[in-house]
Amino acid sequence: MAFKGKMVESRTVVIHLLLCLLIFYSLYYMIGSVCFGAFRLDHFDGLIPFDFKTEPLESNSKYLVNLLSMELTYFCSGLLFAAVVKRWVWDYALTVTFLHVMITTLVMLEFPLVWQWWLALGSGLFLMICNGQLIAYFTCQSDQSYPTFNNY
């Protein structure tokens, strides 16, 4: 049984990926700056999306800002990715997260081994995929090209 879907051009995929990366990092910096202001930290760190070296303690405000920024960014990104890529939110969410890990490794010059960071990243990715796919499902129900369970 062959897959009966239409192929998407490589150019379209690259444009969507660049848009998703722009959305992701723009949201990250906007949410991060709001969180820095809300927690009244001294200075805004431009490395907030990449910082996994902050000591993970409940009493550490910078760690809480990093954690909250990451989770809120992933939550909101999933919703916005649905507007850009429609039904392929899960694919772009995984790709953006993989690229984020690679960029984080390059920026910090070290591979992240902190388990708390990986747990936060995984839960954020789960939120992004679930929220984005739900929004895409409900907004694309009238779209005939969107796969339904009846087709399988």
Side-chain angles (χ1 to χ4, degrees), residues 5 7-141 143 145-147:
M7 294 294 292
V8 179
E9 291 183 26
S10 297
R11 182 173 179 259
T12 305
V13 171
V14 170
I15 290 172
H16 283 164
L17 183 59
L18 291 175
L19 277 172
C20 288
L21 281 168
L22 179 69
I23 288 168
F24 180 76
Y25 284 111
S26 297
L27 271 176
Y28 216 131
Y29 280 106
M30 286 190 291
I31 291 171
S33 64
V34 169
C35 289
F36 262 81
F39 279 76
R40 298 181 185 196
L41 296 179
D42 295 334
H43 69 290
F44 181 73
D45 187 7
L47 296 177
I48 187 170
F50 316 109
D51 185 15
F52 59 87
K53 294 182 179 183
T54 302
E55 189 67 32
L57 297 172
E58 290 178 14
S59 61
N60 188 348
S61 295
K62 186 175 180 194
Y63 171 72
L64 294 175
V65 165
N66 287 348
L67 179 66
L68 189 60
S69 298
M70 179 185 278
E71 296 305 319
L72 288 174
T73 298
Y74 272 91
F75 180 83
C76 296
S77 291
L79 302 175
L80 294 176
F81 282 11
V84 174
V85 296
K86 307 270 188 287
R87 60 183 169 207
W88 296 104
V89 174
W90 64 271
D91 189 19
Y92 285 91
L94 287 171
T95 306
V96 165
T97 301
F98 176 75
L99 289 173
H100 176 63
V101 171
M102 294 298 108
I103 293 169
T104 299
T105 303
L106 289 173
V107 168
M108 300 301 280
L109 298 174
E110 183 180 340
F111 188 77
L113 297 174
V114 180
W115 68 267
Q116 291 94 338
W117 187 82
W118 284 103
L119 184 65
L121 188 80
S123 62
L125 178 61
F126 181 76
L127 282 173
M128 182 192 283
I129 291 172
C130 289
N131 289 333
Q133 284 300 136
L134 279 172
I135 293 295
Y137 176 76
F138 288 117
T139 58
C140 296
Q141 278 184 337
D143 187 3
S145 66
Y146 195 80

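For reference, positions follow the sequence shown, starting with 1.
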Could you tell me which non-hydrogen atom of [X] sits nearest to which non-hydrogen atom of [Y], and how far apart they are?
X	Y	value
V84	H16	O-NE2, 3.8 Å
L125	A93	CD1-O, 3.6 Å
I23	F81	CG2-CE1, 4.0 Å
G46	Y29	O-OH, 2.7 Å
H43	F36	O-CE2, 3.1 Å
G32	S69	CA-OG, 3.3 Å

Please report the interatomic distance [atom1]([X]) to [atom2]([Y]), rounded to the nearest 0.5 Å.
X	Y	atom1	atom2	value
L17	S10	CG	OG	12.0 Å
L21	I103	CG	CD1	6.0 Å
L94	M128	CG	CE	9.5 Å
L127	T73	CG	OG1	11.5 Å
L134	I129	CG	CD1	12.0 Å
S123	M70	OG	CE	8.5 Å

If the condition is side chain to side chain donor-acceptor pair (under 3.5 Å), which residues does S33 pass it with, not counting sequence neighbours? none
Provide the full list of salt bridge (Lys or Arg N to Asp or Glu O under 4.0 Å) pairs with a residue in residues 30-39, sequence neighbours left out, each pair given once.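 Found none.
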Pairs meeting criterion salt bridge (Lys or Arg N to Asp or Glu O under 4.0 Å) with involvement of residues 31-40, two or more places apart: none
Using modelled atom types only, decide if a donor and an acceptor are shared between the side chain of [X] and the backbone of [Y] within a distance under 3.5 Å.
X	Y	answer
W117	P56	no
N131	G78	no
D51	L47	no

Restricting to side-chain contact (heavy atoms from CB on, under 4.5 Å), what partner residues turn up for [X], sequence neighbours left out?
X	result
L119	W115
L68	C35, F39, L72
L67	Y63, E71, A120
V34	none

Excluding sequence neighbours, so at least two apart, what forms ring-ring contact (aromatic ring centres under 6.0 Å, His included) with [X]?
X	answer
F138	none
F75	none
Y74	F24

Only pairs at least two apart or in different chains count here, so list each side-chain hydrogen bond (donor to acceptor under 3.5 Å, both in side chains) that has a residue in residues 100-110.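 Of all non-adjacent pairs touching residues 100-110, those that pass side-chain hydrogen bond (donor to acceptor under 3.5 Å, both in side chains) are Y25-H100, K53-E110.
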Less than 6.0 angstrom separating the ring centers of Y137 and W90, yes or no?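 Aromatic pair excluded; centres sit 6.0 Å or further apart.
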F44 atom CZ, neighbour heavy-atom count above 12 within 6.0 Å: yes
May I ask you to test the L19-V85 pair for a side-chain heavy-atom distance under 4.5 Å?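 No, too far: nothing below the 4.5 Å cut-off.
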Is the closest side-chain heavy-atom distance between Q116 and F52 below 4.5 Å?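 The answer is no; the side chains never approach within 4.5 Å.
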